[in-house]
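Report on the structure given below.
Quick caveat, the model's predicted, so the values are computed rather than measured.
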Amino acid sequence: MTETMNAVEITEAGGPEVLKLTTRPVPEPRNGEVIIKVAWAGVNRPDASQRAGAYPPPPTASDLPGLEASGEVVTVGAGVGDLKVGDKVCALLPGGGYAEYVATPAAHCLPVPEGMGMKEAACLPETFFTVWTNVFMRGGLKAGERFLVHGGSSGIGTTAIQLAREFGARVFATAGSDEKCQKCLDLGAERAINYKDEDFVEVLKPEGGANLILDMVAGDYLPRNLKCLADDGRLVQIAVMQGPKVEMNLAQVMVRRLTITGSTLRPQSDEAKAKIAEGLRAHVWPLLEAGKVAPVMDSEFPLADASKAHARLESSGHIGKIVLKVG
């Protein structure tokens, strides 16, 4: 008889209530993969998008939600040379994290940072992979540059503020309440902008504009972001919460030599994700182990209450990361 596990599945496209506890067969590793016994799983916006029917998993990925987890390696597939049974890891997942066991490429696993618990480690992969590739690899942030991150109190935002601070940038952040703005300041932003009361374009104008903007809003933020950029500035788009279709003045892009780029993490190749993992291990994991950077925690829920975790996420009342206790 096939060994089974508890998991949370998406029964149909819809709101948080469509997430239901079920049983599934324990996955088998393919070449280059490991099986992780999941301790904690991170909850992220792409999970909610998948649940709503707007972000389908790649053809080879599990249909279960969950793009990051921490736990213990229990099975090692063929072609894996750098991990062994019993290793404590956190991992970027192609899907399937809302379950007791998950398969993922070994190259997308990173060791649980020394001195960090499993709960905190589950918060690292999705946000740290996203920030590292978009802010540093794609966005090219350098010390001394002015960096603006929208949604500064989100999991992505709190990570971006800390890493930009550690690498010597001047950090500005937007958020939707005074409490969230204070958290951005506590993490190292020199200026936090409550977007309900202030215009980030006007705030950055006396500074000469932003050299780099990380945005997940899109919609009518795009023309404002272009106006906010310094000459030769870069805009990196990682989500389109306000919609993907916008009008913009291309003359601004040409005359001021602006760069607009962006990416999503899940569709990238295994090789691309492995390269991001290598950069994190070399440049960011030492900061985590030294306690200079840490995930900001909002709340935790049991696996069976994944629907409540999604409701919390979509309320936008959270600050930092939401996690599911699995093991």
Side-chain angles (χ1 to χ4, degrees), residues 8 10 13-20 40-55 65-69 97-98 117 119-128 130-131 148-163 171-189 191-200 203 214-221 238-243 293-326:
V8 168
I10 301 168
E17 71 280 355
V18 305
L19 296 173
K20 302 293 184 184
W40 295 82
V43 176
N44 295 284
R45 289 278 179 187
D47 302 340
S49 296
Q50 179 180 335
R51 187 210 70 226
Y55 194 45
L67 298 177
E68 63 181 348
Y98 292 16
K119 179 168 69 172
E120 291 75 19
C123 300
L124 300 177
E126 174 70 14
T127 49
F128 277 74
T130 297
V131 170
L148 171 63
V149 56
H150 292 301
S153 62
S154 66
I156 294 290
T158 54
T159 300
I161 290 169
Q162 293 181 79
L163 289 181
V171 184
F172 300 80
T174 63
S177 72
D178 291 343
E179 179 191 9
K180 291 180 176 182
C181 284
Q182 186 57 54
K183 187 62 179 180
C184 295
L185 295 172
D186 293 343
L187 291 171
R191 182 74 157 82
I193 303 154
N194 186 334
Y195 61 76
K196 295 177 180 177
D197 301 329
E198 292 185 285
D199 180 359
F200 63 85
V203 172
L214 182 68
D215 182 54
M216 53 201 84
V217 182
D220 66 11
Y221 266 48
I238 59 169
V240 289
M241 292 171 62
Q242 215 182 73
V293 172
V296 175
M297 309 292 298
D298 179 81
S299 51
E300 60 186 72
F301 297 84
L303 179 64
D305 286 342
S307 59
K308 293 180 181 178
H310 274 229
R312 173 69 179 164
L313 179 76
E314 293 184 316
S315 75
S316 294
H318 65 292
I319 296 177
K321 296 286 293 191
I322 300 168
V323 290
L324 298 174
K325 189 179 191 321
V326 181

> So Leu324 and Val8, side chain to side chain contact (heavy atoms under 4.5 Å, CB included) or not? Walk me through it.
Replying inline: CA-CA 11 Å; Leu324 298 174; Val8 168; 5.9 Å; no

Could you measure the distance from the [atom1] atom of [X] to the [atom2] atom of [Y]? Nearest 0.5 Å is fine.
X      : Y      : atom1 : atom2 : result
Met297 : Thr158 : CE    : OG1   : 10.5 Å
Phe172 : Ile161 : CZ    : CD1   : 12.0 Å
Ser177 : Lys183 : OG    : NZ    : 12.5 Å
Lys180 : Thr174 : NZ    : OG1   : 10.5 Å
Leu313 : Asn44  : CG    : CG    : 7.5 Å
Met216 : Thr130 : CE    : OG1   : 9.5 Å

>> Can you pull out every salt bridge (charged side-chain N to carboxylate O under 4.0 Å, His left out) where at least one residue sits in residues 41-51? Sequence neighbours excluded, please.
In response: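 Passing the test, one end in residues 41-51: Arg51-Glu314.
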
Not counting sequence neighbours, which residues clear side chain to side chain contact (heavy atoms under 4.5 Å, CB included) with [X]? List them please.
X      : result
Thr159 : Thr127, Phe128, Val131, Leu163
Ala192 : Cys181, Cys184, Leu185
Lys308 : Phe301, Asp305
Ala122 : Trp40, Ser70

>> Do Gln182 and Asp186 pair up side chain to side chain, a donor and an acceptor below 3.5 Å, judged on atom types alone?
In response: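 The criterion, which ignores hydrogens and geometry beyond distance, is satisfied for Asp186 and Gln182.
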
>> Between Asp215 and Ile238, is the side chain to side chain contact (heavy atoms under 4.5 Å, CB included) condition met? List the steps.
In response: CA-CA 6 Å; Asp215 182 54; Ile238 59 169; over 6 Å; no

>> Please check: side-chain N/O of Gln162 versus main-chain N/O of Ala294, any donor-acceptor pairing under 3.5 Å?
In response: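 Yes, the answer is positive, given that a donor and an acceptor are paired below the 3.5 Å cut-off.
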
Could I get the full list of salt bridge (Lys or Arg N to Asp or Glu O under 4.0 Å) partners for [X], not counting sequence neighbours?
X      : answer
Lys325 : none
Asp220 : none
Glu126 : none
Lys321 : Glu68

>> I'd like to check the side chain to side chain donor-acceptor pair (under 3.5 Å) partners of Gln242; sequence neighbours left out, ordered by chain and number.
In response: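 Testing Gln242 for side chain to side chain donor-acceptor pair (under 3.5 Å), a comparison that skips the adjacent residues, returns none.
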
>> Taking side chain to side chain donor-acceptor pair (under 3.5 Å) as the definition, give me every residue that meets it alongside Lys119, ordered by chain and number, with sequence neighbours left out.
In response: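 With sequence neighbours excluded, Lys119 shows a side chain to side chain donor-acceptor pair (under 3.5 Å) to Glu300, given in chain and number order.
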
>> Holding to ring pair (Phe, Tyr, Trp, His ring centres under 6.0 Å), I want the full list of residues that pass it with His150, two or more places apart in sequence or in another chain.
In response: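 Residues passing ring pair (Phe, Tyr, Trp, His ring centres under 6.0 Å) with His150: Phe200, Tyr221.
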
>> If I compare all heavy atoms of Ala13 with all of Ala52, which pair ends up nearest, and what's the gap?
In response: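 That closest heavy-atom pairing would be CB-O, 3.7 Å.
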
